[in-house]
Asker: 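First the structure, which I've put down as structure tokens, then a few questions once you've had a look.
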Amino acid sequence: MKRFGVWRLACAAALTYCVVQPATADEPAAGAKAAKATTAAKGENRLFELRTYTTHEGKLEALHKRFREHTNKLFVKHGMELVAFWTPVDGDQAKNTLVYVLAYPDRAARDKSWKAFLDDPDWKQAYAESRKDGPIVMKVQNKFLTPTDYSPLK
């Protein structure tokens, strides 16, 4: 699948996922939920970040494990809203690509959250341990998105 096709699919799926998913006990921490509610109450749009990770050959499962066991919990701890995570279905990217979306109240909140995440000793330990057999991620791409006025997801 061409790069544009994956990006387009990811955005469409993010919108669908966020609109139809019921609330669960695994939702973001109270601080992230409060920030989201405050942003919505002011009529402002959140900032979304579409991130694509390309792994080294044979390392996609190690990346999934790191996200499953460490990264997602730390994202929530630092105020990032988990929107959705995908892997491509077809082509070479199905073997080495993770695509996900995070949401923040605004760009300043995003920058603050990422700084805290990267400085977190638990992240540093998880990162180091996950790389014992070599680096996992070969390339990271990100794109910042804001909803259109007609988007059901704000």
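Quantities reported herein were computed from a predicted structural model and do not represent experimental measurements. All heavy atoms count here, side chains included; hydrogens, waters and symmetry mates do not. Numbering of residues begins at 1 and proceeds along the displayed sequence.
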Asker: In Å, rounded to the nearest 0.5 Å, how long is the span from CG of Leu63 to CE of Met138?
Answerer: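 Output value for this atom pair is 12.0 Å.
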
Asker: Once rounded to the nearest 0.5 Å, what's the spacing between atom CG of Leu153 and atom CZ of Arg46?
Answerer: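 Leu153 atom CG to Arg46 atom CZ measures 5.0 Å (nearest 0.5 Å).
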
Asker: Which atom pair, heavy atoms only, marks the closest approach of His78 to Asp120?
Answerer: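 So the two residues come closest at NE2-OD2, 2.7 Å.
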
Asker: Is there a side-chain contact between Tyr104 and Asp111 in this structure, where contact means two heavy atoms from C-beta onward sitting under 4.5 Å apart?
Answerer: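 In short, these two side chains do not touch, never coming nearer than 4.5 Å.
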
Asker: Would Leu98 and His64 count as a side-chain contact (heavy atoms from CB on, under 4.5 Å) if you check the C-alpha gap in whole Å, the side-chain angles of each, and the deciding distance to 0.1 Å?
Answerer: CA-CA 8 Å; Leu98 172 66; His64 288 313; 4.1 Å; yes

Asker: Can you label the angle between the Trp114 ring and the Phe117 ring as parallel, tilted or perpendicular, going by 30° and 60°?
Answerer: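 Ring orientation, 0 to 90° scale: perpendicular.
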
Asker: OH of Tyr100 to OG1 of Thr71: how many Å apart, nearest 0.5 Å?
Answerer: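 Reported to 0.5 Å precision, the distance equals 7.5 Å.
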
Asker: From Trp123 CH2 over to His70 NE2, what is the distance, rounded to the nearest 0.5 angstrom?
Answerer: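 Rounded to the nearest 0.5 Å, the CH2-NE2 separation comes out at 9.0 Å.
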
Asker: Could you walk me through whether Val140 and Arg51 pass side-chain contact (heavy atoms from CB on, under 4.5 Å), step by step?
Answerer: CA-CA 7 Å; Val140 176; Arg51 296 181 64 88; 3.4 Å; yes

Asker: Do the non-hydrogen side-chain atoms of Thr54 and Val137 ever get within less than 4.5 Å of each other?
Answerer: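 In short, these two side chains do not touch, never coming nearer than 4.5 Å.
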
Asker: Check step by step if side-chain contact (heavy atoms from CB on, under 4.5 Å) holds for Leu102 and Leu82.
Answerer: CA-CA 5 Å; Leu102 299 172; Leu82 308 178; 3.7 Å; yes

Asker: State, to 0.1 Å, how close Asn45 and Lys154 come at their nearest heavy-atom pair, and which atoms those are.
Answerer: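 Heavy atoms of Asn45 and Lys154 come nearest at OD1-CD, 3.2 Å.
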
Asker: Does CD belonging to Glu129 count more than 12 external heavy atoms closer than 6.0 Å?
Answerer: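 Above 12, so yes.
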
Asker: For Lys59 and Asp133, which heavy atoms make the closest approach, and how far apart are they?
Answerer: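 Reported closest heavy-atom pair: NZ-O, 2.9 Å.
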
Asker: Testing the basics here: between Thr87 and Thr97, what is the closest heavy-atom pair and its distance to 0.1 Å?
Answerer: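 Minimum heavy-atom separation between Thr87 and Thr97: CG2-O, 3.4 Å.
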
Asker: Got a second to check how far Glu61's CD is from Thr55's OG1, nearest 0.5 Å?
Answerer: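 That separation rounds to 10.5 Å.
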
Asker: Side-chain contact, heavy-atom cut-off 4.5 Å: Gln93 with Val99?
Answerer: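 SC-SC contact between Gln93 and Val99 ruled out.
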
Asker: Could you give the distance from CG (Asp119) to NZ (Lys124), rounded to the nearest 0.5 Å?
Answerer: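 Nearest 0.5 Å value for the CG-NZ distance: 5.5 Å.
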
Asker: If you take all heavy atoms of Ile136 and Ser130, which pair is closest and at what distance?
Answerer: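 Minimum heavy-atom contact is CD1-O, 3.3 Å.
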
Asker: How about Asn142 and Phe144: do any of their side-chain heavy atoms sit closer than 4.5 Å?
Answerer: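 They are in contact (side-chain heavy atoms under 4.5 Å apart), so the answer is yes.
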
